[in-house]
Every structure is written in structure tokens, then in C-alpha cells.
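For ligands, and for the atoms within them, numbers begin at 1 and follow the listed sequence. For clarity, every value in this text was computed on a predicted model and none was experimentally measured.
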Amino acid sequence: MENLKKTVKMKDTISLNQQNLEQIGQQIPVPTYSRNNLKMGMVHIGVGGFHRAHQAYYSHKLQQNYDASDWGICGIGLRKGDQKINDVLKKQDGLYTLIVKHPNGKIEPQIIGSIIDFQLGAANAVPVVERMAHPDTKIISLTITEGGYNFNPATGAFDFENPDIQHELNHPDSPKTVYGFLTAALKKRSDAGLPAFTVMSCDNIQHNGDVARKMLLSFAKRQDAELAMWIEKEVCFPNSMVDRITPVTTQADIDYLAETYGVTDEWPVTCEPFIQWVVEDTFSNGRPAFEKVGVQFVPDVKPYEKMKLRLLNAGHSVLGILGAIHGHKTINACMEDETFVAYLRAFMDTEATPVLDALEGIDLNAYKDSLQERFANPNIKDGVSRICSESSAKLPKFLIATLEENLATGGNIDYTTLVLAAWCYYSDKGTDKDGHPIEIIDAMSEELHQAAKKTTTDSLAFLKLKSLFGELADNKRFSELYVDMVNKIYTDANIKKYMKELL
Ligand code: CS2
């Protein structure tokens with residue numbers, strides 16, 4: 001019966017592509033601007049769900065309402081894993097559905113048209129470098145994830161040991177990472193007398209533009225000192241704070257579009273209604289008038305980004321790690337559990353907030369209330385596995401930084417310490433408190449596991465991962481508390497008991 005239903009459904013649906021847009025437009029809002037006439041002013045590296053729910057959405061909104069024909073987007077994938085998004089976007093002429101899910105159950109789909117082309121750098125570097133070096137390209141934007149910046153999380157220094165980086169330094173004509181591509185394209189531009197593009201980081205990293213600049217210059221100085229000087233002078237790297245919760249797309253989302261609207265979209269994106277983008281207004285070669293569609297341009301984004309990373313992203317990690325051990329599958333399930341709600345708020349109020357910078361005109365209590373509401377959105381169903389993925393790249397910036405600042409000021413550290421002890425258990429066992437397996441997605445998962453599994457003979461073993469924890473194992477106040485907590489969790493993994501003890 002189920003199979004029959006699916007066959008009928010597939011027959012009756014209409015595939016999302018440019019040709020079918022008019023027909024689809026009878027059901028779902030579609031782009032009304034002329035996509036053929038868009039120049040590709042922005043080249044975006046890392047076309048995941050987040051980019052498609054955020055920058056590409058803002059760009060689409062701009063195209064819909066204003067004349068912004070210089071600012072279409074060319075998506076770029078640099079990893080082999082980007083083959084799927086390449087194939088889907090090629091098949092769908094760059095079109096996809098953005099499904100906004102409101103807390104009250106309202107669901108708003110719309111077709112986004114701002115991505116005009118997609119190129120796979122992993123398959124063939126030449127057209128990608130050419131696109132980046134093209135005179136129409138004015139901005140290269142990035143969502144390459146925290147780990148993609150290639151720095152040592154504890155020291156912040158560029159990691160020259162990375163074999164891909166070594167390869168690019170020796171073979172500038174066959175780039176592999178973002179640094180090889182950016183320098184190859186910038187070299188072409190400087191040789192051709194073309195203006196530089198802006199490098200606009202949209203990742204959850206504090207001072208993301210400054211980090212991108214520092215890393216690119218470290219790389220370029222080794223590769224071509226003259227080019228490095230040109231980059232230093234000509235390329236702007238605005239810092240930005242980006243925000244929209246975008247869970248992983250599920251088969252249910254694909255089925256929903258087919259069943260409700262008769263549209264086959266092989267990779268739609270779902271997200272919450274909330275959206276925010278605060279950007280420093282420093283661009284090398286012009287920018288879209290994004291302020292017309294709600295983007296905030298400010299002289300200094302740092303206080304905003306710190307607030308968001310240390311409250312929203314850290315809050316997510318707190319719920320995610322503890323939730324994974326307890327057995328909660330989603331962030332909204334955590335928010336249905338009063339212990340988790342109280343713990344989150346206590347963490348935000350007593351550990352994260354005291355070390356934030358002054359934030360003029362922002363009501364932090366209202367901000368924290370709004371985070372709780374957003375996390376609780378029952379329709380978002382953001383998996384704790386997404387939140388916990390790549391914790392080795394996230395926690396040093398989101399959580400360990402707060403811990404270090406509280407250690408320096410004598411502030412509270414209990415809530416954070418329990419999460420780090422729980423992270424050790426999680427990395428060691430890979431199961432929840434009842435022994436059910438947890439899916440761990442982390443570039444460092446093996447290293448984390450190896451260190452964590454020594455805990456029974458050396459309670460501090462996990463903290464000895466210096467690239468994550470720096471010298472924290474030597475801090476008496478922290479390490480004593482950590483040892484106490486880790487021992488308790490290893491004796492009985494009932495994490496909620498220890499959460500409650502701290503409330
Ligand atoms: C999340 C973010 O991955 C994570 O850990 O906290 O993806 C978060 O959903 C976004 O930054 C929201 O803007």
C-alpha cells in the first residue's frame with residue numbers, strides 16, 4: 001500500500017526546475033525576477049542548508065523587491081561530499097524550496113532563485129578559479145564551518161601541517177582548500193589589474209572576518225610574498241554575525257512538498273522564522289543593498305557575535321551534549337524537559353552573560369528569553385546529532401572560551417565543567433546513559449575517543465588534548481571540579497541527577 005501510494009505520488013508530482021516554475025507558482029511563491037539576467041556578483045563556498053536559509057534567502061528577497069541584477073550567486077563546493085548538492089542544484093537549475101516552520105504549526109514554503117550556478121572545485125579546479133577571478137565577482141562568501149578555517153583551536157595559528165595545505169603550497173595551480181582557491185583567484189585578479197573581491201565569512205567564529213584574513217595571509221605569505229602584500233592592502237574581510245536555526249533536511253520534508261503541493265524537490269531546506277545578519281560595512285568592491293531586506297550594517301560587530309556564539313551556539317552545545325547522554329533526540333525535546341530548561345538558563349545567566357562585552361541597546365534578558373522560545377519550536381526538531389557534530393571545532397570557541405574567562409575573573413564554572421565532563425563520557429562510550437549508541441560526527445572523533453577512554457586510569461586524560469583545552473588540565477580549580485564530575489558520570493551516567501544538583 002505504502003509503495004503504491006509512493007508510485008502514484010511520484011507520477012503526479014512536478015519536478016522543481018526553471019521550466020516548471022510558472023506551474024509551481026500557482027501553489028508556492030516563486031521567483032518573479034529574471035534569473036537569466038543575473039550576474040554572479042557573489043561566489044559562495046559551502047552551499048549547505050544554512051547558506052540556503054540565510055544569505056541566499058536575503059539575496060532572493062532583494063532580487064524579488066529591488067533591482068539587484070549584479071548580485072546573483074554562484075555556489076561552489078570544494079569537498080567530494082558536495083557532489084550531491086551539485087547534482088541536485090544542476091538538475092533543479094539552482095532552485096530549491098525554503099520551508100519556514102513556525103512554532104504555532106504554520107508552514108510557509110517558497111522557491112528561492114538567487115543561486116544561478118554551481119561548480120564543484122573538487123572535480124575541476126580551473127573553472128572555479130576562473131569564476132572567482134571573473135570581473136563580475138565582487139564578493140566571495142564562506143560557510144566552510146568552524147573546522148574549515150584550518151587553525152589550531154588552542155593557539156589560533158594556521159595549521160601548515162595539513163597535507164592539503166602542503167600540496168597547495170607546492171602546486172599553486174591545483175588548489176584544494178579555500179586558501180588555495182582564494183590565492184589562485186586573487187593572483188589572477190592582481191595580474192590582470194582587476195579589483196580584489198571581498199572575502200565575507202559567514203561562519204560561527206568570533207571575529208570571523210579577522211580570522212579569515214589572518215589565515216589567508218599566513219598561507220599567502222608562505223606561497224607568494226608579493227601577492228600577500230597585495231591581499232593585505234586590497235582585500236576587505238568584514239566580520240559578521242549570522243543567525244538562523246536550520247536543521248538537517250529529512251525525507252519527511254521532501255515528502256511533505258510532494259504530498260501537499262505535488263512538487264518534487266530533492267533537497268529542500270527547512271528553518272525557523274527568525275533570521276539575523278549583522279555585518280561590518282567594509283567591502284573591497286561594492287556590495288548588495290542588503291540593508292533594504294533587513295541586514296544590519298554596523299561599524300563593529302564584535303559584541304553581537306560574542307553574544308550570539310556564547311549564548312545561542314554554546315546554549316545549543318550545552319543542551320546537545322547533555323541531551324545526547326540523557327537520550328533526548330532533539331533540541332525541542334530538551335526544551336520540554338524542565339531540568340534542561342533551568343540548566344540552560346542557569347548556564348546563560350551565571351556563566352555566559354557575566355563575561356560578555358557591553359552591549360548598548362540590547363536587552364540581554366529578552367534575548368535569552370527569545371533563544372528559549374526558538375529552541376523550543378516543536379516544528380524545527382533540530383537533532384542533537386547536528387548540534388554535537390564537530391564539537392571539537394565548536395566547543396573551544398563557544399564554551400571553553402567562556403570557561404577560561406570565568407577562571408580568570410573567579411566566576412562560576414560549574415555548568416560548563418559538567419558539560420565538558422559529559423563530553424568526555426560521550427566521546428569515550430558513544431552511548432547514552434542507557435547504553436543506546438549515539439552517532440558521533442567529528443573530524444577528531446578518533447582522537448577524542450582515544451583520549452577519553454584513558455579516563456578510568458587517568459581522570460585528566462581527556463583534558464590533555466591540548467589543541468582543545470590548552471593548559472586547562474593544569475588549572476587546579478577547574479581540574480578538581482572536572483575530576484569530581486567525570487568520576488561521578490563514569491560511575492553512573494544518569495546525567496540529569498548531576499544537572500539537578502547544580503540547580
Ligand atoms: C548550531 C548552529 O551547529 C551548531 O552548533 O548552534 O548551527 C546554530 O543553529 C546556528 O548558528 C543558528 O544561527
Exercise. Under the 3.5 angstrom rule, does the side chain of Y33 hit a backbone N or O of S114 as a donor-acceptor pair?
Worked result: yes

Exercise. If you count the atoms of ligand 1 from 1 in the order shown, which ones are under 4.0 Å from a heavy atom of K308?
Worked result: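 Result: 10 (C), 11 (O), 12 (C), 13 (O).
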
Seminar exercise, completed: A student checking ligand 1 against K394 at a 4.0 Å heavy-atom cut-off should list atoms 3 (O), 4 (C), 5 (O)

Exercise. Regarding K381 and T250, is there a side-chain donor-to-acceptor distance under 3.5 Å anywhere?
Worked result: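 Result is no, nothing qualifies.
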
Exercise. Is it true that the side chains of Y149 and D203 contain a donor and an acceptor less than 3.5 Å apart?
Worked result: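 Yes - a donor-acceptor pair under 3.5 Å links their side chains.
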
For this session: For ligand 1, indicate whether the residue D243 contacts it via side chain, backbone, both or neither (heavy-atom separation under 4.0 Å).
Result: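 It is both parts that get close, each with some atom under 4.0 Å.
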
For [atom], find the nearest protein heavy atom and state the residue, atom name and distance (0.1 Å precision).
{"atom": "atom 2 (C) of ligand 1", "value": "N313 ND2, 3.4 Å"}
{"atom": "atom 1 (C) of ligand 1", "value": "H316 ND1, 3.3 Å"}
{"atom": "atom 7 (O) of ligand 1", "value": "R386 NH1, 2.8 Å"}

Exercise. So, F158 versus Y179, ring centres under 6.0 angstrom or not?
Worked result: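 Between Y179 and F158, which both carry aromatic rings, the centre distance is below 6.0 Å.
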
Problem set entry | Pair F297 and F290, ring centroids less than 6.0 Å apart |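 No, the ring centres sit 6.0 Å or more apart.
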
Exercise. Hey, does the Lys NZ or Arg CZ of R244 hover above the aromatic six-ring of Y58, less than 6.0 Å from the centre and inside 45° of the axis?
Worked result: no

For this session: Please confirm whether R244 comes within less than 3.5 Å of ligand 1 when only nitrogen or oxygen atoms on both sides are compared.
Result: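 In this structure, R244 places an N or O atom under 3.5 Å from an N or O of ligand 1.
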
Exercise. E390 near ligand 1, heavy-atom distance under 4.0 Å?
Worked result: no

